[in-house]
Amino acid sequence: MSTAIIVVGANGRMGRTISHLAATEPAYSLAGMVDSKERVGELGGASCPVSADLGELLTKVPGAVIIDFTAPAVSLASARAAAAAGNALVIGTTGFSEAEKAELEALARRAPIFWASNMSIGVNVLRKILPELARALGEPYDIEIVEIHHNRKKDSPSGTALTLGEGLAEARGWKLNDVRCSARDGIIGARPKAQIGIQAVRGGDVVGVHTVYFMGPGERIEVSHHAHSRETFAQGALRAAAWLANKKPGKLYGMADMF
């Protein structure tokens, strides 16, 4: 049986990609689309219910899994609606504050909620192996991260870069917020050993590039992930939706749980 999908932010770049795949792949069905009052009219002619109110739409398609790649405030509203109705929700939004993440965790005790800063299989493999590499190389090797995204991305650094940085900091026994450096300008002095640089580059239509540098005595190791298409993330989100459909509330699920 196919997994019914509701897409929030259906007019967005990721929303359009997810909606197309959900409507065309046999394992899924597009059960509804949601966007703002200003943009919902652009969804006219859709073959599924359309609304500017997720809560209202959920009454028409009980049991559907919601997918939301929008903005923190919108995704939190989706999580509240999911918790009220009991629907499962997959979130791919980045840029949440610590307080917003705490609210997501609380709402996940009332409805199955899945959140990942990156839905790519490759990136999530990197999350596992990069800390192992950092531990093997040791502290003589400085760690820097550079991420590149399109010129319309709103948050910086990317959620993926921060997630990779958190794992690398933990491997060194640090907390990322204590050692992260996202800007260097002027006479700043020597680079501290307890530091992870995360720099953001923005331009054009780049889907996403993340490079981690390990720079040590006489050598440099570079590990890069290039996303060639948004379908990479959309397929991961749909896979997460199918996995989440039969899960119970109780925790904020992530890619590690699914793998």
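When all heavy atoms of V61 and A31 are compared, the pair lying nearest together is CG1-O, 3.5 Å. Residue M255 comes nearest to N118 through the heavy atom pair CG-O, 3.9 Å, listed as atom of the first residue, atom of the second, then distance. The two residues A46 and M33 have their closest heavy-atom pair at CB-CE, 3.2 Å. Pairing each heavy atom of A83 with each of A111, the nearest pair is CA-CB, 3.7 Å. When all heavy atoms are compared, the tightest approach of A161 to S158 is N-OG, 3.0 Å. Nearest approach of C48 to L30, heavy atoms of both residues: CB-O, 3.4 Å.
E100 contributes a side-chain N or O that, together with a main-chain N or O of S97, makes up a donor-acceptor pair within less than 3.5 Å. Within the 3.5 Å criterion, the main-chain N or O of A108 finds no donor-acceptor partner in the side chain of K251. Formation of a donor-acceptor pair under 3.5 Å by the S78 side chain with backbone atoms of V74 is found in this model. In terms of modelled atom types and a separation under 3.5 Å, the side chain of T93 and the main chain of T70 share a donor-acceptor contact.
Atom-to-atom distance recorded for M215:CE and I221:CD1 is 11.5 Å, nearest 0.5 angstrom. From S75, atom OG reaches atom CG of D68 across 3.5 Å, with rounding to the nearest 0.5 Å. Remark: L162 CG to E147 CD distance equals 8.0 Å, nearest 0.5 Å. For the atom pair L133 CG and L168 CG, the distance stands at 8.5 Å (nearest 0.5 Å). Atom CZ of R135 sits about 6.0 Å away from atom CD of E132, to the nearest 0.5 Å. How far CZ of F114 is from CG of D257: 7.5 Å, rounded to the nearest 0.5 Å.
Under the 4.0 Å criterion applied to side-chain N and carboxylate O atoms, E105 and R109 are not assigned as salt-bridge partners.
The side-chain heavy atoms of V7 and F69, taken from C-beta on, include no pair separated by under 4.5 Å. The side-chain heavy atoms of V207 and H150, taken from C-beta on, include no pair separated by under 4.5 Å. Using a 4.5 Å heavy-atom cutoff, the side chains of D142 and F214 are not in contact. Considering only heavy atoms from C-beta on, R110 stays 4.5 Å or farther from P249 through its side chain. N87 has its side chain out of reach of V65: every pair of non-hydrogen atoms, C-beta onward, lies at least 4.5 Å apart. By the 4.5 Å heavy-atom criterion applied to side chains, K153 and T94 are counted as neighbours. L89 places none of its side-chain heavy atoms less than 4.5 Å from the side chain of I67. Side-chain atoms of L176 and W174, non-hydrogen and from C-beta on, never get closer than 4.5 Å to each other.
There is a path of hydrophobic side-chain contacts, each under 4.5 Å, that joins V212 to I129. Taken together through direct or relayed side-chain contacts under 4.5 Å among Ile, Leu, Val, Met, Phe, Trp and Tyr, M258 and Y28 form part of one hydrophobic cluster. At a threshold of 4.5 Å between side-chain heavy atoms, the hydrophobic network of Ile, Leu, Val, Met, Phe, Trp and Tyr places V179 and L164 in one connected group. Linking Ile, Leu, Val, Met, Phe, Trp and Tyr residues whenever their side-chain heavy atoms come within less than 4.5 Å leaves V123 and V125 in two separate clusters. Following chains of ILVMFWY side-chain contacts shorter than 4.5 Å, one cannot reach L58 starting from V40, and the two form parts of different hydrophobic clusters.
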Given the rule in the side-chain contact (heavy atoms from CB on, under 4.5 Å) test, do L54 and V8 qualify, once you have shown the distances and angles that lead to the verdict? CA-CA 8 Å; L54 175 60; V8 176; 4.1 Å; yes

When you look at L107 and I113, which way does the side-chain contact (heavy atoms from CB on, under 4.5 Å) test go after all the steps? CA-CA 8 Å; L107 292 167; I113 298 178; 3.9 Å; yes

In sequence, state the C-alpha distance, the side-chain angles, and the governing distance for R152 and R202, and then conclude on side-chain contact (heavy atoms from CB on, under 4.5 Å). CA-CA 8 Å; R152 296 177 66 186; R202 296 288 179 267; over 6 Å; no

Applying salt bridge (Lys or Arg N to Asp or Glu O under 4.0 Å) to R127 and E166, what does each step give before you reach the verdict? CA-CA 9 Å; R127 288 180 63 184; E166 287 168 357; over 6 Å; no

Evaluate the side-chain contact (heavy atoms from CB on, under 4.5 Å) criterion for residues I121 and N124: first the C-alpha distance (whole Å), next the side-chain angles of each, then the deciding distance (0.1 Å), finally the verdict. CA-CA 5 Å; I121 303 300; N124 283 279; over 6 Å; no

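Looking at S224 and H210, their side chains never bring a donor and an acceptor atom within 3.5 Å of each other. For the 3.5 Å distance criterion, the side chains of S51 and D53 fail to qualify, holding no donor opposite an acceptor. Inspection of the S117 and T163 side chains reveals an N or O donor paired with an N or O acceptor under 3.5 Å. Judged by distance alone, the side chains of H225 and S120 do bring a donor and an acceptor atom under 3.5 Å apart.
By the 6.0 Å contact criterion, NZ on K101 is enclosed, its count of non-hydrogen atoms from other residues, nucleotides or ligands being greater than 12. By the neighbour-count criterion of 12 heavy atoms within 6.0 Å, atom CG of D178 is densely surrounded, having more than that number from other residues, nucleotides or ligands. At most 12 heavy atoms of other shown residues, nucleotides or ligands fall within 6.0 angstrom of atom CD in E170. Other residues, nucleotides and ligands place no more than 12 heavy atoms under 6.0 Å from the CZ atom of R220.
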Distance-only criterion, 3.5 Å: show the donor-acceptor pairs between side-chain atoms of residues 14-23 and protein atoms not counting sequence neighbours.
from: R16; atom 1: NH1; to: N11; atom 2: O; distance (Å): 2.3
from: T17; atom 1: OG1; to: R13; atom 2: O; distance (Å): 3.1
from: S19; atom 1: OG; to: G15; atom 2: O; distance (Å): 2.8

Throw together a table of side-chain donor-acceptor distances under 3.5 angstrom for residues 230-248, partners on residues two or more places apart or in other chains.
from: T232; atom 1: OG1; to: S229; atom 2: O; distance (Å): 3.3
from: Q235; atom 1: NE2; to: E25; atom 2: OE2; distance (Å): 2.7
from: K247; atom 1: NZ; to: W243; atom 2: O; distance (Å): 3.3

